[in-house]
**Q** 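Before I ask anything, let me first share the structure, which is written out below as structure tokens.
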Amino acid sequence: MDKTLFKRLKKDGLSWPEDKDLARKVQRELADKVALSPLAKAPALIAGVDSAFFDDRVISTACLFSFPSLELIEETFAIKEVRFPYIPGLLSFREGTSTIEAIEKLKKKPDLIIFDGQGIAHPRGLGIASYAGVLLDIPSVGCAKSRLVGEYDEPGKTKGSWSPLKILDKTVGAVLRTRANVEPVFVSPGHKIDIKGSLRLVLACATAYRLPEPTRRADALSKTLARKHASRA
DNA sequence: GCGACAG
DNA sequence: ATCTTGTCGC
């Protein structure tokens, strides 16, 4: 894949519908660049990202936290016109570009980013966490609220319990209980981290709620800002 | 053709 | 994701 397309994806993403097939092709190519090696160094700064919609626009937020102390350091957001519909497996092209922009607006570069979506637990091994992780070349983890692909057994009801998420005989992530007696989350590595590391990270960010603090905060902020900007040119 | 299907 | 109040349960 050439650098031109690489930069274009970060800046403008893909449009609809002429590039729908290109989207899948791009995913298959980027998937080869995903690294599942253990985290190189302990992260000190972690960012959580999420997106919300209003009118015909997408607003993505990035919340930076210290780690493992989990103190909020800074928050950013980016708004863009929605150019792609929601299609299972192609989420990256709907909210990936604005998400990347929000991350790049952070004054301090995060050592790792947690996404509200899948990492490699994806049809082509490139969920939004892997997609953005590769384009930004920053370690990333996917923490989704529901399953996209893979099979699993119900994990134990206690906090910290988990069971492998696998496609055929290949483990691509884990179904983790971040809070007792509450629906589990689907964790999978995005880029430059392995499954065990992803699990430890998400669990370390799970305080008293189902979603890890960085992502939970980004979710709340995106919704608040979306309502604030709604129906207001 | 039928069912599944991140946000 | 989004449209939306109160209500059941731990």
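What's counted below: heavy atoms across the whole structure, side chains too, no hydrogens, waters or symmetry copies. The chains referred to below are lettered A, B, ... by the order of the sequence lines, with proteins before strands, and numbering in each begins at 1.
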**Q** Using 4.0 Å as the upper bound for N to carboxylate O, is an ion pair formed by Lys196(A) and Asp194(A)?
**A** no

**Q** Can you tell me how far C1' of dT2(C) sits from CD1 of Ile59(A), to the nearest Å?
**A** 15 Å

**Q** Heavy atom of residues 15-32 of chain A under 4.0 Å from DNA chain B: which residues?
**A** none

**Q** Say whether Leu72(A) and Phe77(A) are linked into one hydrophobic cluster, either directly or through other cluster members, by side-chain heavy-atom distances under 4.5 angstrom.
**A** no

**Q** By the 4.0 Å heavy-atom rule, please label Gly89(A) as base, sugar-phosphate, or nothing.
**A** base

**Q** Starting from C1' on dT2(C), measure out to NZ on Lys145(A) and report it in whole angstrom.
**A** 13 Å

**Q** Reading DNA chain B 5' to 3', how would its secondary structure be written in dot-bracket notation, given Watson-Crick and G-U pairs with both distances under 3.5 Å, brackets [ ] for crossing pairs and | for partners on other strands?
**A** .......

**Q** Could you spell out the base pairing of DNA chain C in dot-bracket, with Watson-Crick or G-U pairs whose two distances are under 3.5 Å, [ ] crossing and | to another strand?
**A** ..........

**Q** Within a strict 4.5 Å, meaning less than it, do heavy atoms of the Asp12(A) and Arg83(A) side chains meet?
**A** yes

**Q** For the atom pair CD (Glu81(A)) and CG (Asp56(A)), what is the distance rounded to the nearest 0.5 Å?
**A** 7.0 Å

**Q** Tell me which residues in residues 157-189 of chain A put a heavy atom below 4.0 Å from DNA chain B, sorted by number, or none.
**A** none

**Q** Just to be sure I understand the rule, does Ala121(A) reach a base, reach only the sugar-phosphate, or reach nothing, if contact means heavy atoms closer than 4.0 Å?
**A** nothing

**Q** Going 5' to 3' along DNA chain B, between which two nucleotides do contacts with chain A fall, using a heavy-atom cut-off of 4.0 Å?
**A** dA4(B) to dG7(B)

**Q** Counting any heavy atom closer than 4.0 Å, what does Tyr86(A) reach on the DNA or RNA strands: base, sugar-phosphate only, or nothing?
**A** base

**Q** To the nearest 0.5 Å, what is the distance between OG on Ser222(A) and CD on Glu95(A)?
**A** 9.0 Å

**Q** What is the distance from atom NZ of Lys20(A) to atom CG of Leu90(A), rounded to the nearest 0.5 Å?
**A** 7.5 Å

**Q** Can a side-chain donor-acceptor contact be found between Thr207(A) and Glu213(A) if the only test is distance below 3.5 angstrom?
**A** yes

**Q** With rounding to the nearest 0.5 angstrom, report the CG to CZ distance, Leu70(A) to Arg217(A).
**A** 12.5 Å

**Q** Tell me which residues in residues 90-101 of chain A put a heavy atom below 4.0 Å from DNA chain B, sorted by number, or none.
**A** Leu90(A), Leu91(A)

**Q** Step through the shown structure and confirm whether more than 12 heavy atoms of other residues, nucleotides or ligands are within 6.0 Å of NZ on Lys105(A).
**A** yes

**Q** Quickly work out the Arg210(A) CZ to dC10(C) P distance and round it to whole Å.
**A** 19 Å

**Q** Can you tell me how the ring of Tyr152(A) sits relative to the ring of Phe186(A), calling it parallel under 30°, perpendicular over 60° and tilted otherwise?
**A** perpendicular

**Q** I need the Thr76(A) OG1 to Glu101(A) CD distance, nearest 0.5 Å.
**A** 9.5 Å

**Q** Angle class for the His229(A)/Phe54(A) ring planes (parallel below 30°, perpendicular above 60°, tilted otherwise)?
**A** tilted

**Q** Taking everything shown except Arg200(A) itself, do over 12 heavy atoms lie less than 6.0 Å from its CZ?
**A** no

**Q** Do Val141(A) and Leu199(A) share a hydrophobic cluster, counting only Ile, Leu, Val, Met, Phe, Trp and Tyr and linking them when any side-chain heavy atoms are less than 4.5 Å apart?
**A** yes

**Q** Does the salt bridge (Lys or Arg N to Asp or Glu O under 4.0 Å) test come out yes or no for Glu29(A) and Arg24(A), once each step is laid out?
**A** CA-CA 9 Å; Glu29(A) 290 185 30; Arg24(A) 295 198 176 84; over 6 Å; no

**Q** So Asp219(A) and Lys223(A), salt bridge (Lys or Arg N to Asp or Glu O under 4.0 Å) or not? Walk me through it.
**A** CA-CA 6 Å; Asp219(A) 174 76; Lys223(A) 286 174 180 169; 3.3 Å; yes

**Q** Hey, what do you get for OG (Ser140(A)) to CD1 (Ile114(A)), rounding to the nearest 0.5 Å?
**A** 10.0 Å

**Q** Is it true that the NZ or CZ of Arg94(A) lies under 6.0 Å from the centre of Phe53(A)'s six-membered ring and within 45 degrees of the ring axis?
**A** yes

**Q** Please report the distance, rounded to the nearest Å, between CG in Leu225(A) and C1' in dA1(C).
**A** 16 Å

